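First up is the structure itself, then whatever we jot down about it.
Numbering of ligands and ligand atoms starts at 1, following listing order. FYI, the numbering just counts along the sequence from 1. Treat the numbers as computed from the prediction; the structure is a model and nothing was measured.
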Amino acid sequence: MPVQWLDRLIFYYFHWKACLMPTTLDELLRRLMKNSLFRDREKLRPDYVPDTLPHREGHITQLAQILLPPIIRGARPSNVFIYGYTGTGKTAVTRYVLNWIASRFGDGGGTPRKVMTAMVNCSNNDTNYRVLRALNVSLGVRVPFTGLSVAELYERFKRKLDSGDTIMIVALDEIDSLVKKSGDELLYKLTRINSELTKARLSLIGITNDLNFRDYLDARVRSSLGEEELVFQPYNADELRDILEHRAKLAFYPGVIEDGVIPLCAHLAAREHGDARRALDLLRVAGEIAEREGAEKITIEHVKRAVLEIERDKAVELIRTLPFHSKAVLMAIYLLRDRPGGATTGEIYEVYTKLVRGIGLDPVTQRRVSDIISELDVVGLVQARLLSRGRYGRTKYVSLRVGERALTEGLRGDELLRGYLDRRGALGFRV
Ligand SMILES: Nc1ncnc2c1ncn2[C@@H]1O[C@H](COP(=O)(O)OP(=O)(O)OP(=O)(O)O)[C@@H](O)[C@H]1O
Ligand SMILES: [Mg+2]
């Protein structure tokens, strides 16, 4: 009898242990990695280039078909102009093709000339000096951050490039930032550089999401940069779903994403002009929220919260980049938040004036403040409604559309207004 009892005990013990055992080795690994849902978070970062780019096989082939035939003959490929909405894969496709070309033809690969590639992001490098510096660095030429003339940098680049029998393909990503800030003079020089080179050859790829960009260019630059053109269309929800599923396999452990999460991220991003970056951000942030609260799975609820969190971050960024007087008006609207139905322009102007005078500056006119309120309304930070007050005519009532945390975080970056936050705590300024 006691033996039977012991048997039963042993049976229950192992049964209990088996219930606790993870069902798969992935699951085990996940538990060991402190309950992380992410297998590799980096795979969702914007600068990661995946091995396959679903729904962009056509663009990859098109770009390769423009570049490869001349390369094989040892000739210069045509310049290419690439445009399309944000998040449609322009950077990813270009990087993918250039990486492949560099690995295949970097040492010649049986073709008459070696091929070198460089990709410069012009929103980080928006002056002629910075772009030329980056190009020099890509050829191994060391150049100081400041101090030389642009003409000198150009000469150094040209000299080094022409020291070998090479074809160089330069992709200028977000090229509109360079042209808007510094004009198209450098582009003009780079599109003409081949007539000054004796051995080497250079091709340009210009990439932009500004569909009106070509209007900024001189006609000669426009035609030489646009020898070939590639247009990237927005992704639809089904395409975004495939992209997300592929990336999710790399980034998360199996089974941690609840059904419906990926279709929802795809649907939301498709609604916003088919932006793959937006779709990936939603999934990543949803994953981070789920992980922060120690959840076993990413749920639809996490995606909804990710939407709010991303909106919040966008609002903070927007506030940070506002001009000073717009920030002061926003702060005034915040201080008047208790007014039922919103504050009137007159009330806002009064508080705004106090705030600005309080730091020793002159206020702008009430007319200008009224315009600023309309601008804040357009970007969605406040809501302004015109209501009829019977025979007194119509009055504008303004209320805030952004939360206190986002507001204080955004305003804290302003050196002058920061004082109000620091001295009086989270905007506890008395009106
Ligand atoms: N077909 C795809 N497959 C997998 N990932 C993709 C695909 N297209 C885009 N992505 C990813 O989406 C993000 C945005 O893509 P990318 O940076 O290429 O957009 P873009 O067109 O250059 O946008 P922008 O104009 O804002 O620079 C990147 O993380 C990229 O890896
Ligand atoms: Mg890009």
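- Between Leu330 and the options Ile373, Ile319, Leu335, Ile348, a side chain to side chain contact (heavy atoms under 4.5 Å, CB included) holds for only Ile319.
- For ligand 1, the atoms closer than 4.0 angstrom to any heavy atom of Ala276 are 9 (C), 10 (N), 12 (O).
- The proximity of Glu239 to ligand 1, defined as any non-hydrogen pair under 4.0 Å, does not occur for either the backbone or the side chain.
- Residue His246 does not touch ligand 1, judged by heavy-atom distances below 4.0 Å.
- Considering only residues two or more places apart in sequence or on other chains, Ala266 meets the side-chain contact (heavy atoms from CB on, under 4.5 Å) condition with Leu240, Arg241, Leu244.
- Closest protein heavy atom to atom 4 (C) of ligand 1: Ile243 CG2, 3.4 Å.
- Counting only N and O atoms by type, the side chains of Arg337 and Ser399 include no donor and acceptor under 3.5 Å apart.
- Classification of Asp281 and Arg284 as a salt-bridged pair holds, one side-chain N sitting under 4.0 Å from a carboxylate O.
- Of the N and O atoms on the side chains of Asp126 and Ser177, not one donor lies less than 3.5 Å from an acceptor on the other residue.
- Note on the Mg ion (ligand 2): protein N/O/S atoms under 2.8 Å are Thr91 OG1.
- Given atom 25 (O) of ligand 1, the protein heavy atom at minimum distance is Lys90 NZ, 2.7 Å.
- Within a 6.0 Å sphere centred on NZ of Lys396, other residues, nucleotides and ligands contribute more than 12 heavy atoms.
- With ligand atoms numbered from 1 in the order given, ligand 1 contributes 27 (O) to contacts under 4.0 Å with heavy atoms of Glu174.
- With a heavy-atom cut-off of 4.0 Å, Leu280 touches ligand 1 through its side chain alone.
- Side-chain contact check for Thr208 and Glu174: no donor-acceptor pair (N or O, by modelled atom type) lies under 3.5 Å.
- Among Arg247, His55, Arg56, the residue whose heavy atom lies nearest to atom 6 (C) of ligand 1 is Arg247.
- The backbone and the side chain of Thr91 each have at least one atom closer than 4.0 Å to an atom of ligand 1 (non-hydrogen atoms only).
- Using a 4.0 Å cut-off to heavy atoms of Asn209, the atoms of ligand 1 that qualify are 24 (P), 25 (O), 26 (O).
- For Gly87, a nitrogen or oxygen atom sits less than 3.5 Å from a nitrogen or oxygen atom of ligand 1, counting backbone and side chain alike.
- Defined by atom type and a distance below 3.5 Å, a donor-acceptor pair is present between the side-chain atoms of Thr52 and His246.
- When only interatomic distances are considered, the shortest N/O to N/O separation between Thr52 and ligand 1 does not fall below 3.5 Å.
- If you look at Phe232 and Tyr83, their ring centroids are not closer than 6.0 Å.
- For Arg312 and Glu309, the salt-bridge test fails: no basic side-chain N is under 4.0 Å from an acidic carboxylate O.
- Heavy atoms from other residues, nucleotides or ligands lying under 6.0 Å from CG of Asp215 number more than 12.
- Residue contacts with ligand 1 for Tyr48 involve N, CA, C or O but no side-chain atom from C-beta outward (heavy atoms, distance under 4.0 Å).
- Shortest contact from atom 8 (N) of ligand 1 to any protein heavy atom: Tyr235 OH, 2.7 Å.
- With distances taken over non-hydrogen atoms, the option nearest atom 24 (P) of ligand 1 out of Arg277, His59, Arg95 is Arg277.
- Atom CD of Glu185 sits in a sparse spot, with 12 or fewer heavy atoms from other residues, nucleotides or ligands closer than 6.0 Å.
- At least one N or O atom of Gly89, backbone or side chain, sits closer than 3.5 Å to an N or O atom of ligand 1.
- For atom 1 (N) of ligand 1, the nearest non-hydrogen atom from the set Pro46, Ala92, Pro54 belongs to Pro54.
- One side chain, Tyr334 or Glu404, offers a donor N or O that lies under 3.5 Å from an acceptor on the other.
- Asp47 CG: more than 12 foreign heavy atoms inside a 6.0 Å radius.
- If you check the side chains of His302 and Glu293, you find a donor sitting under 3.5 Å from an acceptor.
- Here the protein heavy atom with the shortest distance to atom 26 (O) of ligand 1 is Thr86 OG1, 2.4 Å.
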